[in-house]
Amino acid sequence: MASRLFSLAKSFLNPKFPNPRSFSTSFLITKTPKKHKPKRPKPDSPRTRSVTPDSNKIPHFESLLARDAKYRFLTKTKEFLSKQPEQILRLDDAGKLYRELGFPRGRKVTKFISRYPLLFTSYRHSDNKIWLGFTDFMDQLLLEERSIMEAMEEDRVTRIRKLLMMSKNKRIPLSKIYHKRLIFGIPEDFRDKIGKYPDYFRLVVEDDRKQILELVNWDPSLAVSALEKDFLVNEDKVKKAFKFPVKYGKDLGLEENDVKKLNLLNTLPLVSPYSDGWKLDSWSLEAEKYRVGIIHEFLSLTLEKRALIHHIVEFKEEFSLTRQTYEMLKRQPWTFYLAGTEMNWAVFLKDGYDENGNLIDKDPLLGFNEKLYKFAQMQEEEEEEEEISGFREKLRGD
């Protein structure tokens with residue numbers, strides 16, 4: 001009895017603990033640092049899904065969209081500042097105008113200003129507030145741009161006349177032309193110059209105070225599309241530019257050559273964008289030809305022979321376009337190239353570019369923009385100061 005009690009007491013005094021090496025920590029909650037976590041692939045959505053498969057992408061067109069994104073802050077801030085009194089903006093206000101100035105929400109505007117020291121500057125005003133404005137060098141560049149705009153005024157007037165001639169009722173709200181003026185190279189003050197051309201334009205104010213720009217006189221010499229001009233020069237090239245395959249029953253038993261001939265009959269001629277094609281049955285083949293012609297001519301009137309989809313949709317009512325514009329353009333890959341994402345895509349007019357992706361007919365304003373982008377990449381360094389000084393001297397000489 002005594003030995004049993006002794007053994008029991010010993011067990012309490014010397015408890016046997018488990019071997020530390022066999023001790024499990026699986027019940028503990030551990031957290032992997034965020035930087036070591038594998039990145040999850042972004043969900044496929046219209047915001048990220050490309051309109052063109054990678055295998056079919058054309059690099060030089062895609063690079064133009066990338067360039068636009070790179071210089072979005074430059075182009076939008078230049079446009080916004082140019083319209084401000086004294087062309088300056090308080091920095092505190094600039095930080096809130098991320099949409100207007102083209103920088104991501106939540107980012108500091110000063111970070112983007114510092115990227116372009118030759119073009120933008122910040123300074124402390126007498127009110128002890130910091131303001132954003134143009135540098136003296138940028139002011140000289142803007143004078144050059146204004147000079148180009150003035151020299152191209154007649155060309156811009158012609159573009160507006162052709163837009164009105166294409167429209168359904170030969171009238172377009174003035175606000176629509178103003179909002180999309182940059183893709184056509186139309187100057188900021190074009191509304192003030194409408195009165196100079198009473199033989200071309202009439203400004204009408206409707207009951208809701210909406211200003212409408214109307215066409216005064218129809219000019220037959222302008223009612224010739226770029227596609228029709230190309231057809232006269234190279235008929236075979238234009239024939240291959242568009243295809244409108246005809247649906248037919250298999251019971252016809254047509255041979256391959258017969259199918260090609262049948263499709264050719266329904267390819268040309270396109271319905272002129274300067275005709276009354278809007279009166280056609282909207283679902284007919286002829287109506288689709290008309291809409292394709294409208295978009296082709298619209299793009300030919302832009303400076304860069306391309307436009308974002310919202311640029312085109314802005315004129316949807318005036319040009320009798322439908323919701324099937326995307327599908328319609330996809331059926332014409334020989335003439336149009338689609339780039340970007342399904343939520344925000346652009347359409348390029350292929351025949352406006354050569355095989356290297358360079359514009360065949362480059363507007364002087366585009367030459368200015370390219371020079372602006374070049375200076376945007378420069379910093380205040382000695383090897384670059386010489387080129388900048390030479391440009392300044394040239395402006396003084398002019």
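The residues of the chain are indexed from 1 along the displayed sequence. Source: prediction; values computed, not measured.
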Asks: Are any side-chain N or O atoms of T77 and backbone N or O atoms of L74, one a donor and one an acceptor, separated by less than 3.5 Å?
Replies: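 Checking the backbone N and O of L74 against the side chain of T77, no donor-acceptor pair under 3.5 Å is found.
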Asks: How long is the span from the CD1 atom in I294 to the CD1 atom in I312, to the nearest 0.5 Å?
Replies: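 So the gap between those two atoms works out to 11.0 Å.
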Asks: Which pair of heavy atoms, one from A94 and one from L132, lies closest together, and at what distance?
Replies: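 Distance-wise, the nearest heavy atoms are CB-CD2, 4.4 Å.
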Asks: Could you measure the distance from the OG atom of S63 to the CD1 atom of I58? Nearest 0.5 Å is fine.
Replies: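 Output value for this atom pair is 11.0 Å.
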Asks: Mark yes or no for whether S50, through its side chain, and T341, through its backbone, hold a donor-acceptor pair below 3.5 Å.
Replies: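 Such a contact is absent between S50 side chain and T341 backbone.
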Asks: Would you call K305-D363 a salt bridge at under 4.0 Å N-O?
Replies: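 No, K305 and D363 are not salt-bridged.
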Asks: Is T335 reaching over with its side chain to a backbone N or O of Q332, donor-acceptor style, under 3.5 angstrom?
Replies: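 Checked: no pair found.
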Asks: Thinking salt bridges, do R159 and E154 make one under a 4.0 Å N-O criterion?
Replies: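 So R159 does not pair with E154 through a salt bridge.
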Asks: On the six-membered ring of F73, is R115 placed so that its NZ or CZ lies under 6.0 angstrom from the centre and within 45° of the ring axis?
Replies: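 Verdict for F73: no cation-pi partner in R115.
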Asks: Is it true that a side-chain atom of E314 and a backbone atom of H311 form a donor plus acceptor pair closer than 3.5 Å?
Replies: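 Checking the backbone N and O of H311 against the side chain of E314, no donor-acceptor pair under 3.5 Å is found.
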Asks: In this structure, are over 12 heavy atoms from other groups packed under 6.0 Å from R331 atom CZ?
Replies: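 For R331, atom CZ is crowded (more than 12 foreign heavy atoms under 6.0 Å).
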Asks: Measure the spacing between CD1 of I160 and CG of L215 and express it to the nearest 0.5 Å.
Replies: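 Here the interatomic distance stands at 11.5 Å.
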Asks: Do the two ring centres, one from W278 and one from F319, sit under 6.0 Å apart?
Replies: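 Ring centroids of W278 and F319 are no less than 6.0 Å from each other.
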Asks: Should we count CZ of R124 as having more than 12 external heavy atoms under 6.0 Å?
Replies: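 Buried by this count: over 12 neighbours within 6.0 Å.
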Asks: Short question: side chain of T135, backbone of M138 - any donor-acceptor pair under 3.5 Å?
Replies: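 Yes, the answer is positive, given that a donor and an acceptor are paired below the 3.5 Å cut-off.
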Asks: Is there a donor-acceptor contact under 3.5 Å from the side chain of D354 to the main chain of G357?
Replies: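 Yes, because the side chain of D354 sits within donor-acceptor range (under 3.5 Å) of the backbone of G357.
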Asks: Between CD1 of I177 and CD1 of I194, what distance do you get to the nearest 0.5 Å?
Replies: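 Here the interatomic distance stands at 7.5 Å.
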Asks: Output yes when R67 and E304 qualify as a salt bridge under the 4.0 Å nitrogen-oxygen rule, no when they do not.
Replies: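 Here R67 pairs with E304 in a salt bridge, since their nearest N and O are under 4.0 Å apart.
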Asks: Are L143 and I88 grouped together when hydrophobic residues (ILVMFWY) are joined by side-chain heavy atoms under 4.5 angstrom apart?
Replies: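 No, L143 does not connect to I88 through the hydrophobic network.
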Asks: Please step through salt bridge (Lys or Arg N to Asp or Glu O under 4.0 Å) for the pair E150 and R156, ending with a clear verdict.
Replies: CA-CA 10 Å; E150 291 174 356; R156 301 329 190 221; over 6 Å; no
Asks: With distance as the sole test, does H296 use its side chain to make a donor-acceptor pair with the main-chain N or O of V292 at under 3.5 Å?
Replies: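 Checked: no pair found.
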Asks: Let me check something: do W218 and L203 share a hydrophobic cluster, defined by ILVMFWY side-chain heavy atoms less than 4.5 Å apart, either directly or through other members?
Replies: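 In one cluster: yes.
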Asks: Taking K210 for the side chain and D207 for the main chain, is one N or O donor matched with an acceptor at less than 3.5 Å?
Replies: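 Pair absent, no side-chain N/O of K210 close to backbone of D207.
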Asks: Indicate the ring-plane relationship of W131 and H125, choosing parallel, tilted or perpendicular according to the 30° and 60° boundaries.
Replies: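 Ring orientation of W131 relative to H125: tilted.
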Asks: So, does K350 use its side chain to make a donor-acceptor pair with the main chain of P333 at under 3.5 Å?
Replies: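 A pair under 3.5 Å: yes.
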Asks: Could you check whether R171 pairs with E206 (Lys NZ or Arg NE/NH1/NH2 to Asp/Glu carboxylate O, under 4.0 Å)?
Replies: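 The answer is yes: the pair qualifies as a salt bridge.
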Asks: Using a strict 4.0 Å threshold on nitrogen-to-oxygen distance, state whether K168 and E317 make a salt bridge.
Replies: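 Looking at E317 together with K168, the answer is no, because their closest N to O distance does not fall below 4.0 Å.
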Asks: Measuring from atom CE of M378 to atom CG of L119, what distance do you get when rounded to the nearest 0.5 angstrom?
Replies: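 Result: 10.5 Å between the selected atoms.
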Asks: Got a salt bridge between E153 and K193, using NZ or NE/NH1/NH2 to carboxylate O under 4.0 Å?
Replies: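 K193 and E153: salt-bridged.
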Asks: Is the number of heavy atoms from other residues, nucleotides or ligands under 6.0 Å of E327 CD greater than 12?
Replies: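 Enclosed: over 12 neighbouring heavy atoms sit under 6.0 Å from CD of E327.
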Asks: Is there a path of hydrophobic side-chain contacts, each under 4.5 Å between heavy atoms of I, L, V, M, F, W or Y residues, that connects L182 with L174?
Replies: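 Each belongs to a different hydrophobic cluster.
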Asks: Going hydrophobic residue to hydrophobic residue with side-chain gaps under 4.5 angstrom, can you get from M343 over to L65?
Replies: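 The answer is no; the residues belong to distinct hydrophobic clusters.
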Asks: Go through the side-chain N and O atoms of K162 and Y274 and say whether any donor and acceptor fall under 3.5 Å apart.
Replies: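 There is such a pair (donor and acceptor under 3.5 Å, judged by atom type) between the side chains of K162 and Y274.
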Asks: Counting the benzene-type ring for Trp, do F375 and Y116 have ring centres under 6.0 Å apart?
Replies: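 Distance test on ring centres: not under 6.0 Å, no.
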Asks: Just checking, is any N or O donor in the side chain of S147 or E144 under 3.5 Å from an acceptor N or O on the other one?
Replies: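 No - no donor-acceptor pair under 3.5 Å links their side chains.
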Asks: Between the side chains of H60 and N358, is a donor N or O closer than 3.5 angstrom to an acceptor N or O?
Replies: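 Absent: no donor and acceptor within the cut-off.
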Asks: Testing the 3.5 Å rule here: is there a donor-acceptor pair between the side chains of Y200 and E214?
Replies: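 Y200 vs E214: no donor-acceptor pair found between side chains.
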Asks: Is atom CG of D208 surrounded by more than 12 heavy atoms (other residues, nucleotides or ligands) closer than 6.0 Å?
Replies: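 Yes - once you tally the heavy atoms of other residues, nucleotides and ligands closer than 6.0 Å, there are more than 12.
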Asks: Step through it carefully: locate the ring centre of F298, locate the ring centre of F315, and say whether they are under 6.0 Å apart.
Replies: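 Yes, the ring of F298 comes within the 6.0 Å limit of the ring of F315, centre to centre.
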Asks: I'd like to know whether the aromatic ring centres of F120 and F112 sit less than 6.0 Å apart in this structure.
Replies: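 When the ring centroids of F120 and F112 are compared, they turn out to be at least 6.0 Å apart.
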Asks: Hey, quick one: are L308 and L301 part of the same hydrophobic cluster, counting side-chain heavy atoms closer than 4.5 Å, chains of contacts allowed?
Replies: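 Looking at the clustering, L301 is in a separate group from L308.
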Asks: Once you round to the nearest 0.5 Å, how far does CD of Q324 lie from OH of Y326?
Replies: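 The distance works out to 13.0 Å.
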